[in-house]
Student: 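What follows is a structure written as structure tokens; I'll ask about it next.
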Amino acid sequence: MSFHFTDPRPDHEPSFSFTGPEDVEEQLQAIADMAHEILRLVADVRRQISN
């Protein structure tokens, strides 16, 4: 299963696209992975703002 941002431009709220098997455990893992990536991106933005 994979995901990607469908419109990552700063002036538009991104949406997510899922592809892959319908296994619930895999979907939950993909959501957890997305959450970690989002938190990492937020931390990067915060660092850039404070510099």
Student: Under the rule for side chain to side chain contact (heavy atoms under 4.5 Å, CB included), what residues qualify as partners of R40, not counting sequence neighbours?
Tutor: E37, D44
Student: Tell me, please, which residues at least two apart from V42 pass side chain to side chain contact (heavy atoms under 4.5 Å, CB included).
Tutor: I38, R46
Student: How is the hydrophobic cluster of L39 composed, in terms of its other members, when Ile, Leu, Val, Met, Phe, Trp and Tyr link through side-chain heavy atoms under 4.5 Å apart, directly or indirectly?
Tutor: none
